[in-house]
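Side chains included, hydrogens not; waters and symmetry mates left out as well; all remaining heavy atoms used.
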Amino acid sequence: MADLGASSHRETAVAESVVVHALIEFHNRAHLDVPRRVHVILFEDDTTESESNDARE
């Protein structure tokens, strides 16, 4: 899932579009909110960690 273009014979954008439409079709808004929140938490942790590493240098 991280590199949809590698597993697709078409463009990455087409593969991403298919995955998004499948997720929307089979899950409700609450189900989709969970991975979105996880992504935000993970992204914030990465950003915070890199910022604190920059401050240490």
Side-chain angles (χ1 to χ4, degrees):
M1 294 288 290
D3 187 10
L4 293 172
S7 61
S8 173
H9 296 293
R10 297 182 180 197
E11 295 179 19
T12 302
V14 174
E16 289 174 354
S17 175
V18 169
V19 170
V20 168
H21 286 291
L23 288 171
I24 292 170
E25 183 70 27
F26 292 108
H27 298 286
N28 67 35
R29 181 173 258 150
H31 290 131
L32 296 174
D33 190 48
V34 173
R36 183 193 61 79
R37 288 174 183 234
V38 169
H39 176 77
V40 167
I41 290 168
L42 293 174
F43 183 74
E44 285 178 354
D45 285 348
D46 288 346
T47 303
T48 303
E49 184 177 310
S50 66
E51 287 174 356
S52 65
N53 287 340
D54 291 344
R56 288 183 208 160
E57 293 177 357

Legend entry - Approximate separation, where rounding is to 0.5 Å, of Arg29 CZ and Arg36 CZ: 10.5 Å
Inset, instruction - For the pair His31 and His27, name the ring-plane relationship: parallel under 30°, tilted 30 to 60°, perpendicular over 60°. - result: perpendicular
Inset, instruction - Look at Asp33 together with Arg37 and state whether they make a salt bridge at an N to O cut-off of under 4.0 Å. - result: yes
